[in-house]
Amino acid sequence: MKYLSLILLLFLSGQLHAEIVKVPFTSKALENSLIGTKATRDVHIYLPDDYHTTKTRYPVLYFLGAYSWPIKYSSHIEKMLDNHKKQGNTMEMIVVMLEGNTPLRGSFYVNSTVHGNFSDYVLEEIVPWIDSTYRTKAQAKHRGIAGFSMGGTGALRFAANNPDVFGHVYALSPGMFDERGMAKSYLTSDAAIKRYQAFKQKLAASTEPQKVMAEEFASFQGREIWENGQDNSYSAYLMAYAGAFTGTSEQPFGTHFSKDAKQKPLWYSGFGELISLYTTPAIINELHSVHIEVGDKDDYIWITEGVLALKQKAQQQNLPLSFNVFSGGHSDKALARLEHHMLPFFAKRL
């Protein structure tokens, strides 16, 4: 009997520790994408210390990974939360970590024929599943969304378009265009445009499109995307962006604006619409809190300039957006920013 009591005590004490639950989730929304995006995704869920020993309901933070970020980044967030608790800071929330990778390395978390319906994946599948599976506070005021880089762009779009789902948003170095931003971006890279055009022509003429795409995307996989030079990484990003924002039923990868000037607004809107969304009072009034941070020397200068343009316009309209412009580049102190800025932001507001 004493032995059984000891086993029970050890079991219960083990449940007092926070944990990361790793669940493979099969998505209907991501099936049948043009480029063969995996429909079964790993979802990592952080559960607080006393989740298994109480009936408490918890607020939820959704964190979206950046372009080409693997889901294993969740181990860093787990350590960050543990560090806060050791310092006596309350971090009683569920954290749901998602990634948006595809064979082109980034979906931008929108619906598209090329990548799959990532917006539906998050809104119509993941959020309802989390609320039905875990003890959540299932109201927008207790639900936040955040992300880094591509994830930050996705977080801003999700919150602006769905304030009844996400009441709080925090974006770290999000892709964003002001009026001049696209002209300074990789979308105007001559080498990337040339490769994009050649790929589209080869794809249109082929009777084996899956083979053409597999061969074309081979240099975008793993570390190869960075090790094959800047032109290679710019080409991958241009194709991913085109597939996410500019595709049509006839041209799933779109038509480049250098070939058809009428296409320019469509290419611009992918990152450019964020400034419009976040300077619309009716949208901001529906959200409980908005915070954006960016480095003053972002490696992609159009990100710094885009965020600063939004900051200026928001201040001119007295909109309740908060900003942090730090000294540094795109990924500088990224983990520290997550730990010391983002997590306390949500711990206070959710």
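These figures come from a predicted structure and were not determined experimentally. Numbers for residues simply follow the sequence, beginning at 1.
Put simply, the side chain of Lys264 reaches to within 4.5 Å of the side chain of Met182, judged on heavy atoms. Looking at heavy atoms from C-beta onward, His168 lies out of side-chain contact with Leu287 at the 4.5 angstrom threshold. With contacts defined as side-chain heavy-atom distances shorter than 4.5 Å, the pair Val43/Ile126 qualifies. Put simply, the side chain of Leu338 does not reach to within 4.5 Å of the side chain of His76, judged on heavy atoms. Looking at heavy atoms from C-beta onward, Met176 lies in side-chain contact with Leu310 at the 4.5 angstrom threshold. Within the 4.5 Å cutoff, no side-chain heavy atoms of Tyr109 are placed close to those of Thr153. For the pair Ile45 and Met97, the minimum side-chain heavy-atom distance is 4.5 Å or more. Looking only at side-chain heavy atoms (C-beta outward), Val290 and Phe323 stay at 4.5 Å or farther from each other.
Within 6.0 Å of atom NZ in Lys200, more than 12 heavy atoms from other residues, nucleotides or ligands are found, so the atom counts as buried in its surroundings. Residue Lys184 places its NZ atom among more than 12 non-hydrogen atoms of other residues, nucleotides or ligands, all under 6.0 Å distant.
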With ring pair (Phe, Tyr, Trp, His ring centres under 6.0 Å) as the criterion, how do His330 and Tyr300 come out once you've worked through the C-alpha distance, each side chain's angles and the decisive distance to 0.1 Å?
CA-CA 7 Å; His330 190 67; Tyr300 312 101; 5.1 Å; yes
After noting the C-alpha distance and the side-chain angles of Tyr268 and Phe257, does the key distance pass the ring pair (Phe, Tyr, Trp, His ring centres under 6.0 Å) rule?
CA-CA 10 Å; Tyr268 174 78; Phe257 55 89; over 10 Å; no
Taking it one step at a time, do Asn162 and Leu123 satisfy side chain to side chain contact (heavy atoms under 4.5 Å, CB included)?
CA-CA 9 Å; Asn162 307 277; Leu123 291 170; 3.5 Å; yes
Show your working on side chain to side chain contact (heavy atoms under 4.5 Å, CB included) between Ile193 and Leu187 and close with a plain yes or no.
CA-CA 7 Å; Ile193 294 170; Leu187 299 181; over 6 Å; no
Before giving the answer on side chain to side chain contact (heavy atoms under 4.5 Å, CB included), spell out for Glu293 and His291 the whole-Å C-alpha distance, their side-chain angles and the decisive distance to 0.1 Å.
CA-CA 7 Å; Glu293 70 169 52; His291 183 82; 4.2 Å; yes
Give the intermediate values and the outcome of side chain to side chain contact (heavy atoms under 4.5 Å, CB included) for residues Phe148 and Tyr73.
CA-CA 12 Å; Phe148 174 71; Tyr73 66 78; over 6 Å; no
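Atoms CD1 and CG, on Ile94 and Leu350 in that order, are 11.0 Å from each other to the nearest 0.5 Å. The OG1 atom of Thr188 lies 7.5 Å from the CG atom of Asp190; values are rounded to the nearest 0.5 Å. Expressed to the nearest 0.5 Å, how far OG1 of Thr255 lies from CG of Leu266 amounts to 9.5 Å. Annotation: the span from Asp42 atom CG to Phe25 atom CZ amounts to 12.5 Å, rounded to 0.5 Å. Of the inter-residue distances, the one linking Ser149 atom OG with Leu172 atom CG reads 9.5 Å to the nearest 0.5 angstrom. Here the NZ-CD distance, from Lys211 to Glu216, works out to 14.0 Å after rounding to the nearest 0.5 Å.
By the rule that hydrophobic residues join a cluster once side-chain heavy atoms approach within less than 4.5 Å of another member, Val294 and Leu335 end up as members of separate clusters. In the hydrophobic clustering of ILVMFWY residues, with side-chain heavy atoms under 4.5 Å counting as a link, Val21 and Val96 come out together. In the hydrophobic clustering of ILVMFWY residues, with side-chain heavy atoms under 4.5 Å counting as a link, Leu61 and Val127 come out apart.
Between Phe108 and His115, the ring-plane angle classifies as perpendicular under the 30° and 60° cut-offs. Taking the six-membered ring for Trp and thresholds of 30 and 60 degrees, Phe271 and Phe245 have ring planes more than 60 degrees apart, a perpendicular arrangement. Using the six-membered ring where Trp is involved, Trp69 and Phe63 have ring planes that are tilted, between 30° and 60° apart.
Side-chain N/O atoms of Asn228 and Ser219 include no donor and acceptor closer than 3.5 Å. With 3.5 Å as the limit, one finds a donor-acceptor pair spanning the side chains of Ser173 and Arg337. Side-chain contact annotation: Glu19 with Tyr46, donor-acceptor N/O pair under 3.5 Å absent. Between the side chains of His44 and Glu78, not a single donor N or O lies within less than 3.5 Å of an accepting N or O.
When ring centroids are compared, Tyr237 and Tyr196 stay outside the 6.0 Å threshold. With ring centers used as reference points, Trp302 lies under 6.0 Å from Tyr186. Separation of the Tyr58 and Tyr134 ring centroids does not fall under the 6.0 Å cut-off. Taking the centre of each ring, Phe253 and Phe199 come in below the 6.0 Å mark.
A donor-acceptor pair is defined here as one N or O able to donate and one able to accept, closer than 3.5 Å; such a pair exists between the side chain of Thr280 and the backbone of Ser276. A donor-acceptor pair is defined here as one N or O able to donate and one able to accept, closer than 3.5 Å; no such pair exists between the side chain of Thr90 and the backbone of Glu92. Between the side chain of Ser235 and the backbone N or O of Arg195, no donor-acceptor pair lies under 3.5 Å. Asn111 places a side-chain N or O within donor-acceptor distance of the main-chain N or O of Asp120, the cut-off being under 3.5 Å. Side-chain N or O atoms of Asn101 include one that pairs as donor or acceptor with a backbone N or O of Ser68 at under 3.5 Å. In this structure, the side chain of Thr248 engages the main chain of Gln251 through a donor-acceptor pair within 3.5 Å. For the pair Asp82 (side chain) and Lys79 (backbone), a donor-acceptor distance under 3.5 Å is absent. With Arg105 contributing its side chain and Phe220 its backbone, the two residues share a donor-acceptor pair below 3.5 Å. Distance alone, capped at 3.5 Å, places no donor-acceptor pair between the Asn117 side chain and the Ser119 backbone. Without hydrogens or angle criteria, Glu99 side chain to Arg41 main chain gives no donor-acceptor distance under 3.5 Å.
Minimum interatomic distance between Phe346 and Val169 (heavy atoms only, all atoms of both residues): CZ-C, 4.3 Å. Contact record, Leu104 with Tyr67: O-OH, 3.5 Å, taken as the closest heavy-atom pair. When all heavy atoms of Glu125 and Ala29 are compared, the pair lying nearest together is OE2-N, 3.1 Å. Closest heavy-atom contact between His84 and Pro344: CE1-CG, 3.7 Å. When all heavy atoms of Arg157 and Leu274 are compared, the closest pair comes out as N-CD2, 4.2 Å. Counting all heavy atoms, side chain and backbone alike, Asp178 lies closest to Ala309 at CB-CB, 3.7 Å.
Relative to the ring axis of Tyr51, Arg135 places its NZ or CZ within 45° and under 6.0 Å from the centre.
For Glu124, there are no salt bridge (Lys or Arg N to Asp or Glu O under 4.0 Å) partners, not counting sequence neighbours.
The side-chain contact (heavy atoms from CB on, under 4.5 Å) test with Thr102 is passed by exactly one of Leu30, Val114, Thr37: Thr37. Tested against Phe345, the residues Met342, Lys348, Arg349, His341 include a single side-chain contact (heavy atoms from CB on, under 4.5 Å) partner, Arg349.
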